[in-house]
Amino acid sequence: TRRDQTPVVHAATVPLVAVVPANSPSRTLPELLARAREKPGDLNYSSSGVATQQHLAAELLASQAGVRMTHVPFRGTGQAVNEILAGRIDLAIDTFPTYLPHIRDGRVRALAVTMPQRVEWLPETPTVAELGFPGFDAVVWYMVIAPPGLPQPIADRWVAAVNKAYQNQDLRKRISDAGFVIGGGTQQDAARMLTTD
């Protein structure tokens, strides 16, 4: 990963959110996990496929909580969303842009966000970390990445251009309205993020 590409600048982060159907008996994440403990394997969760960010985030939660849930992979996010809206899936952990309209319409209930801090779109929704899993951090991020050996002056131009673009308030609003946390920063910040993750 570090040899075959050059991290340039962090573009944006997409938080994930844990949601349940609107008619779920689980009002909170601890209640859902208690149900999972009572009946190992009975609760299911959806993803858009094996080893996707949704699958891995749910498995990370299950592992840290010491519970077993059944993974139901679909061939895409659309199918997974339809199944949770229909109440046939107990839990989904997916990107904010995917579920924010359904949360706002009351078609699903948000239990927790997977970033270390709460998100501006749903400030009342706690983080997984707050609910007893310190350090829990499962997000999707985007980065400008170049081939190995990118000349430093070109990298510097990219970093400057992205950071300048993010000073535009209209652009910032469009990105935020879409459910993304704005990136930016230095090339060293991007390299650190890539290494850490």
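Keep in mind the model is a prediction, meaning the values are calculated, not measured. Heavy atoms only: backbone and side chains are in, while hydrogens, waters and symmetry mates are out. Quick note: residue numbers are just sequence positions, from 1.
Asp170 and Lys173 are not joined by a salt bridge, as no carboxylate oxygen comes within less than 4.0 angstrom of a charged side-chain nitrogen. Ion pair Arg118/Glu124 not flagged as a salt bridge, since none of the NZ, NE, NH1 or NH2 atoms sits closer than 4.0 Å to an Asp/Glu carboxylate oxygen.
Distance check: Ser48 OG to Arg75 CZ gives 13.0 Å after rounding to the nearest 0.5 Å. Here the CG-OG distance, from Leu171 to Ser176, works out to 11.0 Å after rounding to the nearest 0.5 Å. In this structure, CD1 on Ile93 lies 11.0 Å from CD on Gln53, to the nearest 0.5 angstrom. With rounding to the nearest 0.5 angstrom, the CD atom of Glu31 is 8.5 Å from the OG atom of Ser24. Between the CG atom in Leu91 and the CD atom in Gln54 there is a gap of 11.5 Å [rounded to 0.5 Å]. Distance check: Leu43 CG to Met69 CE gives 7.0 Å after rounding to the nearest 0.5 Å.
A side-chain donor-acceptor contact under 3.5 Å links Asn44 to the backbone of Asp90. Looking at Thr52, its side chain does come within 3.5 Å of a backbone N or O of Gly49 through a donor-acceptor pair. Side chain of Thr196 to backbone of Arg192: a donor-acceptor contact under 3.5 angstrom is found. The main-chain N or O of Tyr166 is found under 3.5 Å from a side-chain atom of Arg172 such that the two form a donor-acceptor pair.
There is no side-chain donor-acceptor pair under 3.5 Å between Thr127 and Gln117. In summary, the side chains of Gln167 and Asn163 do not present any donor paired with an acceptor at a separation below 3.5 Å, with no hydrogens or angles considered. Using a 3.5 Å distance cut-off with no hydrogens or angles, the side chains of Ser46 and Glu83 do not pair a donor with an acceptor.
Grouping the Ile, Leu, Val, Met, Phe, Trp and Tyr side chains by contacts below 4.5 angstrom, directly or via other members, places Leu61 with Tyr45. Residues Leu122 and Val108 share a single hydrophobic cluster, defined by chaining ILVMFWY side chains whose heavy atoms lie under 4.5 Å apart. A chain of hydrophobic side-chain contacts below 4.5 Å, direct or via other Ile, Leu, Val, Met, Phe, Trp or Tyr residues, connects Val14 to Ile182. Hydrophobic cluster membership is shared by Met143 and Met115, with clusters built from Ile, Leu, Val, Met, Phe, Trp and Tyr side chains linked at under 4.5 angstrom. Tracing side-chain contacts under 4.5 Å through hydrophobic residues (I, L, V, M, F, W, Y), one reaches Leu111 starting from Leu33; they form part of the same cluster.
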Test log, rule side chain to side chain contact (heavy atoms under 4.5 Å, CB included), inputs Val50 and His71
CA-CA 9 Å; Val50 174; His71 178 215; 4.2 Å; yes
Before you tell me yes or no, could you show the steps for Arg174 and Asp177 under salt bridge (charged side-chain N to carboxylate O under 4.0 Å, His left out), namely the whole-Å CA-CA distance, both residues' side-chain angles and the distance that decides it to 0.1 Å?
CA-CA 5 Å; Arg174 286 176 56 202; Asp177 286 350; over 6 Å; no
Determine whether Val8 and Leu150 satisfy the following criterion, side chain to side chain contact (heavy atoms under 4.5 Å, CB included), listing intermediate values before the conclusion.
CA-CA 9 Å; Val8 179; Leu150 179 72; 3.8 Å; yes
Evaluate the side chain to side chain contact (heavy atoms under 4.5 Å, CB included) criterion for residues Val113 and Val128: first the C-alpha distance (whole Å), next the side-chain angles of each, then the deciding distance (0.1 Å), finally the verdict.
CA-CA 6 Å; Val113 296; Val128 173; over 6 Å; no
Evaluate Asp94 against Thr77 for side chain to side chain contact (heavy atoms under 4.5 Å, CB included), listing each step before the verdict.
CA-CA 9 Å; Asp94 207 336; Thr77 300; 3.4 Å; yes
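More than 12 non-hydrogen atoms from other residues, nucleotides or ligands lie less than 6.0 angstrom from CZ of Arg37.
In this pair, Phe180 and Tyr142 present their aromatic rings tilted. The plane angle is within the 30 to 60° band. Ring orientation note: the planes of Phe96 and Trp121 are tilted relative to one another, at an angle of 30° to 60°.
The heavy-atom pair separating Ser26 from Arg109 by the smallest distance is O-NH1, 2.6 Å. When all heavy atoms of Gly135 and Ala129 are compared, the closest pair comes out as N-CB, 4.1 Å. Nearest heavy-atom pair across Ala57 and Leu16 is CB-CD1, 3.8 Å. What you find for Asp137 and Pro116 is that their closest heavy atoms are OD1-CD, 3.4 Å. Summarising the geometry of Pro7 relative to Ala191, their closest heavy-atom pair is CG-CA, 3.7 Å, with the distance given to 0.1 Å.
Side-chain atoms of Ile84 and Val19, non-hydrogen and from C-beta on, do get closer than 4.5 Å to each other. Side chains of Arg3 and Pro148 form no contact here, defined as non-hydrogen atoms less than 4.5 Å apart. The shortest distance between side-chain heavy atoms of Leu131 and Pro30 falls below 4.5 Å. Looking only at side-chain heavy atoms (C-beta outward), Phe74 and Asn82 stay at 4.5 Å or farther from each other. Looking only at side-chain heavy atoms (C-beta outward), Trp141 and Asp197 come within less than 4.5 Å of each other. A heavy-atom distance below 4.5 Å is found between the side chains of Val17 and Ile103. Side-chain contact between Leu194 and Thr1 is present, with at least one heavy-atom pair separated by less than 4.5 Å. Side-chain contact check for Val119 versus Thr125: every heavy-atom pair is 4.5 Å or farther apart.
Partners of His102 according to the ring-ring contact (aromatic ring centres under 6.0 Å, His included) rule, which considers only residues two or more places apart in sequence or in another chain, do not exist here.
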